[in-house]
Asks: 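For reference, the structure I am asking about is given below.
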Amino acid sequence: MMKWIFGVLVIMAATIVVAMFGGAPDMVSGGPHPEYAGMSIGGDSAARLEGLWIEGLILYFATFLMAPAFMAFGVAEHNRNKTFWTMMGGVTALNLVFATLLIVFYVDFLNTGETFMLLGFPAPTAMMLYGCWGTAALYTAIYIAGFNKFIFTPEDEKTFEALIAAKSAEKTEA
Amino acid sequence: MEAFREPIILACIGVYFVICILVGIWAMRKTHSASDFFIAGKGLGPVVVGLAVFSSTLSGFGFVGGPGLVYNMGMTSVWMVIVSTLGYAIVFYMLAKRMRVMAEIRDSISLPDIVAARYSSKAAGGWMAVVVILGVLGYLATQILAMSTVLQSILGNTEMFEGISLITCAVISVSVLIFYAVTGGILASVYTDLVQGLIMMVCGLLVVVAAAMAVDGGFTAASSSLLADDPEAIMPFGSGGMFAAVAWAFMFGVGIAGQPHLITKLMMNRTVKDTKVILPLSIAGYAVAAMLWISVGLVMRALVLQGNHDPLGLPDDAAPEFLTAYANPLLAGVVFAGLFAAIMSTADGFLNIGAAAIIHDLPKAIRGKPLKNELWWARVATVLLCLFATGFALYARYNSGELVALLGAFGWGTFAAAIFPVVALGLNWKRATANAAIFAIILSLVFNFSVKLFGIAMPFGMDGGFISMLISMIAFIGISYIEKPKPLQKDIEAIMDL
């Protein structure tokens, strides 16, 4: 699994290098607000991402994929069974659906200049706040529900107790 | 009630200071050893650890800097918050069990202890101690300066303390900090974290309500104002753009597992099983408190754009101005006390790991064994470290800020780059080597200091910490693959198999 993680990290780094060769469009990271000194603005949304969409999307989706990859890496290999992968895969897919909807609604806004409000925010931002933030909490649900099955199984507990016993025995001998 | 705004705010802060002192006295009676002082004797309950984990993540930055960033660049900085659900989960999946088990089996009381044990390398532990000490100095000086400045601005508004100096304010706030950090060690720290956590959760909820009521039409109207002025500000990547937002998302989401003051707390709970209670508590607490961060910045930007509030002098004025103009005096008082609590709890968390690095980890790395009477030395080191950081902060405030700017490089990103690969990846990957760990630590230090010292601009507005994390992780994994791995000690291998 580490080879997969390593590969994605290299792809992310290479993506940044490739993007740098293309140069930075104006306002790619915003500029000062013409009226208010303490504010910055993004300006022309489409123009500042011109030629950088693919690189931006690679970094964006890589971040959403790396997070569950690191979580899965933290689970002992022998505990990463079919149920674990199904649950992690399901939550990751759901999380990615909202991450994708965010982009779809954003691109739609860039093309049409219109969007709709959802629970107090424009649709793309609502996907970020309620969708991406909310669905990622399901990883915590997996941690709690699967604690005895994947995280710290009864077998793991026995091994842990044996380690403590061995340590106590060592101390007694010393 | 409005007429008593200043006395109410002062009273709230006074009550918080008294709570700190009482917690210090109480904790002193329970602190009998270095293990008690540094990791609370591994005996804390899940609720205490859960709230301490989330509140140590939010320093004064969460109250002041966060809303300021939203005011300044809209939704870009909100990615720091959005990824918290992913970030906390990464911390617990990767580290919670292994850190706690290592603390039990190897009697580890600090992060460098764990690194030294994992890699069977005193040098790796020593380098980790260096990272912690340098980082602690930078963070601590910043927190002490923030604490003194906030106290000065509050006291300076009253007739009685009009014209009070920054140095006097530093003496008052640092005295309280030293008292409870020295007497109670980490126990006092986590229990003040508990108070802070509760205050922040209550404030987060109440401030969101106050923020929604401050704009006619609530958040929908606030969003519409931002949309009409500059759509990008309220669009998901904010005015900072996609690259800056994604860089922060990665750095804060993944890099949270490299924050020493947070992950050290995973050694303090009573049992491994407690972690399944600690994780949801931490996430819930952070989510509620973070609402303050998002709502205040957004609403203040909307109010200024609508012409209903004067433009702010500085973005960081967003939260104080909001509290002054739109919050009930009692709520404002509690939030200011919460701000103090946030700064002080972060400061004492750093004091604690800094003292551990100085009196426990460095002697172990250099002479192979810890000092005798560690508890006494821990208290001495805490006082000296705090005094040194205070002097350093005040010197930097009144003289050239170059030194502080250098140590200021020690933000979240530097810790993430130096610690995440070595600890989070290293504790889960048997092939990782000591040389790779040392190289990754040195590389991240050199990269971050160079970026700061030479003012190197990162491409597309991305944070240097993100680039540094990528480089450090690639180097760590790459070198480990190239090197022939050494056999692990039996107990370490067994822990990594869990």
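Numbers restart at 1 for each chain; the letters A, B, ... are given by sequence-line order, proteins then strands. Everything quoted here is computed from the prediction, not taken from an experiment.
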Asks: Below 4.5 Å from any heavy atom of chain B, which atoms of A/Met117 appear? Answer side chain, backbone, both or neither.
Replies: side chain

Asks: A/Gly23 and B/Phe460: which non-hydrogen atoms are nearest, and at how many Å?
Replies: O-CE2, 4.0 Å

Asks: Kindly compute the distance separating CZ (B/Phe243) from CD1 (A/Ile16), expressed to the nearest 0.5 Å.
Replies: 8.0 Å

Asks: Under the criterion side chain to side chain contact (heavy atoms under 4.5 Å, CB included), I'd like the reasoning laid out for B/Met242 against A/Ile103: C-alpha separation, chi angles, the key distance, then a yes or no.
Replies: CA-CA 11 Å; B/Met242 191 180 201; A/Ile103 297 294; 4.1 Å; yes

Asks: Is the backbone N or O of B/Ser239 less than 3.5 Å from a side-chain atom of A/Ser40, with the two atoms forming a donor-acceptor pair by type?
Replies: no

Asks: If we define contacts as heavy-atom pairs under 4.5 Å, which of B/Ile234, B/Ile471, B/Val254 has the most with chain A?
Replies: B/Ile234

Asks: If you look at every heavy atom in B/Arg98 and A/Gly74, which pair is closest and at what distance?
Replies: NH2-O, 3.2 Å

Asks: Which region of B/Leu227, side chain (C-beta onward) or backbone (N, CA, C, O), has a non-hydrogen atom less than 4.5 Å from a non-hydrogen atom of chain A, or is it both or neither?
Replies: side chain

Asks: Taking side chain as everything from C-beta outward and backbone as N, CA, C, O, which of these in B/Tyr88 sits under 4.5 Å from a heavy atom of chain A? Side chain, backbone, both or neither.
Replies: neither

Asks: When rounded to the nearest 0.5 angstrom, what is the spacing between CD1 in B/Ile82 and CG in A/Leu129?
Replies: 4.5 Å

Asks: Let's test your reading of the structure: which of A/Ala37, A/Gly134, A/Pro122 forms the most heavy-atom pairs below 4.5 Å with chain B?
Replies: A/Pro122

Asks: Any pair with a residue in residues 71-88 of chain A that passes salt bridge (Lys or Arg N to Asp or Glu O under 4.0 Å), sequence neighbours left out, goes on the list, sorted by first then second residue, please.
Replies: none

Asks: Could you check if a side-chain atom of A/Phe152 sits within less than 4.5 angstrom of a side-chain atom of B/Lys276, using non-hydrogen atoms only?
Replies: no

Asks: If you count heavy-atom pairs within less than 4.5 Å of chain A, which of B/Ala221, B/Pro236, B/Gly461 leads?
Replies: B/Pro236

Asks: Without swapping roles, check the side chain of A/Lys167 against the backbone of B/Glu104 for a donor-acceptor pair under 3.5 Å.
Replies: yes

Asks: Taking the six-membered ring for Trp, are the ring centroids of B/Tyr93 and A/Phe70 within less than 6.0 Å of each other?
Replies: no

Asks: Quick one: pull up OG1 in B/Thr85 and OH in A/Tyr139 and give me the separation to the nearest 0.5 Å.
Replies: 9.5 Å

Asks: Check each atom of B/Thr275 against the heavy atoms of chain A and say whether the ones under 4.5 Å are side chain, backbone, both or neither.
Replies: both

Asks: Report which part of B/Phe420 has an atom under 4.5 Å of a heavy atom belonging to chain A: side chain, backbone, both, or neither.
Replies: side chain

Asks: So which part of B/Leu226 gets closer than 4.5 Å to some heavy atom of chain A, the side chain, the backbone, both or neither?
Replies: neither

Asks: Using non-hydrogen atoms and a 4.5 Å limit, figure out which bit of A/Ala19 sits close to chain B: side chain, backbone, both or neither.
Replies: both

Asks: What residue in B/Val277, B/Val83, B/Leu305 has the most heavy-atom pairs under 4.5 Å with chain A?
Replies: B/Leu305

Asks: Minimum heavy-atom separation for A/Phe121 and B/Ser223, please, with both atom names.
Replies: CD2-OG, 3.6 Å

Asks: Please classify the contact of B/Ala89 with chain A as side chain, backbone, both or neither, using a heavy-atom distance under 4.5 Å.
Replies: both

Asks: At a heavy-atom separation under 4.5 Å, does A/Phe147 approach chain B through its side chain, its backbone, both, or neither?
Replies: side chain

Asks: To the nearest 0.5 angstrom, please state how far the CE atom of A/Met2 sits from the CZ atom of B/Arg431.
Replies: 11.0 Å

Asks: Side chain, backbone, both or neither: which part of B/Ile467 has a heavy atom under 4.5 Å from chain A?
Replies: side chain

Asks: What heavy-atom pair brings A/Phe6 and B/Gly478 nearest, and what distance separates the two atoms?
Replies: CE1-N, 3.9 Å

Asks: Is any side-chain heavy atom of A/Tyr143 less than 4.5 Å from a side-chain heavy atom of B/Pro280?
Replies: no

Asks: Kindly check if the number of other-residue, nucleotide or ligand heavy atoms within 6.0 Å of CD1 (A/Ile54) is above 12?
Replies: no

Asks: Between chain B and each of A/Gly30, A/Gly56, A/Ala24, count heavy-atom pairs under 4.5 Å; write down the option with the most.
Replies: A/Gly56

Asks: Tell me, side chain or backbone of B/Ala247 under 4.5 Å from chain A's heavy atoms, or both, or neither?
Replies: neither

Asks: Hey, would you say the A/Tyr60 and B/Phe237 ring centroids sit under 6.0 Å apart?
Replies: yes

Asks: Against chain A, work out which of B/Leu298, B/Leu427, B/Leu470, B/Val272 has the most heavy-atom pairs shorter than 4.5 Å and name it.
Replies: B/Val272

Asks: So, for B/Gly240 and A/Arg48, which heavy atoms are closest and what is the spacing to 0.1 Å?
Replies: C-NH1, 4.1 Å

Asks: Might you work through the side chain to side chain contact (heavy atoms under 4.5 Å, CB included) test for B/Phe92 and A/Met71, ending with a clear yes or no?
Replies: CA-CA 8 Å; B/Phe92 278 76; A/Met71 288 177 217; over 6 Å; no

Asks: Can you name the residues of residues 491-498 of chain B that have some heavy atom under 4.5 Å away from a heavy atom in chain A?
Replies: B/Asp491, B/Ala494, B/Ile495, B/Asp497, B/Leu498

Asks: Of the backbone (N, CA, C, O) and the side chain (C-beta and beyond), which part of B/Ser224 lies under 4.5 Å from a heavy atom of chain A, both, or neither?
Replies: both

Asks: Give the C-alpha distance, both sets of side-chain angles, the deciding distance and a yes or no for side chain to side chain contact (heavy atoms under 4.5 Å, CB included) between B/Met235 and A/Thr115.
Replies: CA-CA 10 Å; B/Met235 281 294 149; A/Thr115 185; 4.0 Å; yes

Asks: Measuring from B/Asp230:CG to A/Tyr36:OH, what's the distance to the nearest 0.5 Å?
Replies: 12.5 Å

Asks: Among B/Glu232, B/Lys97, B/Lys490, who wins on heavy-atom pairs under 4.5 Å with chain A?
Replies: B/Glu232

Asks: Under a 4.5 Å heavy-atom cut-off, does chain A meet the side chain of B/Ile294, its backbone, both or neither?
Replies: side chain

Asks: When you look at CG of B/Asp310, are more than 12 heavy atoms from neighbouring residues, nucleotides or ligands closer to it than 6.0 Å?
Replies: no

Asks: Heavy-atom distance under 4.5 Å to chain B: side chain of A/Ile151, backbone, both or neither?
Replies: both

Asks: Out of A/Gly43, A/Gly31, A/Ala13, which one racks up the most heavy-atom pairs below 4.5 Å with chain B?
Replies: A/Gly43

Asks: Counting only heavy atoms closer than 4.5 Å, note whether A/Leu118 contacts chain B via side chain, backbone, both or neither.
Replies: neither

Asks: Rounded to the nearest 0.5 Å, how far apart are CG of A/Asn148 and NZ of B/Lys273?
Replies: 6.5 Å

Asks: Quick check on B/Val304 against chain A: is it the side chain, the backbone, both or neither that has a heavy atom closer than 4.5 Å?
Replies: both

Asks: Can you tell me if B/Asn428 uses its side chain to pair, donor with acceptor, with the backbone of A/Val75 under 3.5 Å?
Replies: no

Asks: With only heavy atoms counted, which part of A/Phe64 is less than 4.5 Å from chain B, the side chain, the backbone, both or neither?
Replies: side chain

Asks: Side chain, backbone, both or neither: which part of B/Val91 has a non-hydrogen atom closer than 4.5 Å to chain A?
Replies: neither

Asks: Less than 4.5 Å to any heavy atom of chain B: does that hold for the side chain of A/Met1, its backbone, both, or neither?
Replies: neither

Asks: Which atom pair, heavy atoms only, marks the closest approach of B/Pro231 to A/Phe109?
Replies: CB-CZ, 3.4 Å

Asks: When you measure from the side chain of B/Arg301 to the backbone N and O of A/Met39, does any donor-acceptor pair fall under 3.5 Å?
Replies: no

Asks: Given the options B/Thr220, B/Asn72, B/Val246, B/Asp317, which has more heavy-atom pairs under 4.5 Å with chain A than any of the others?
Replies: B/Asn72

Asks: Where does B/Met462 contact chain A at under 4.5 Å (heavy atoms): side chain, backbone, both or neither?
Replies: side chain

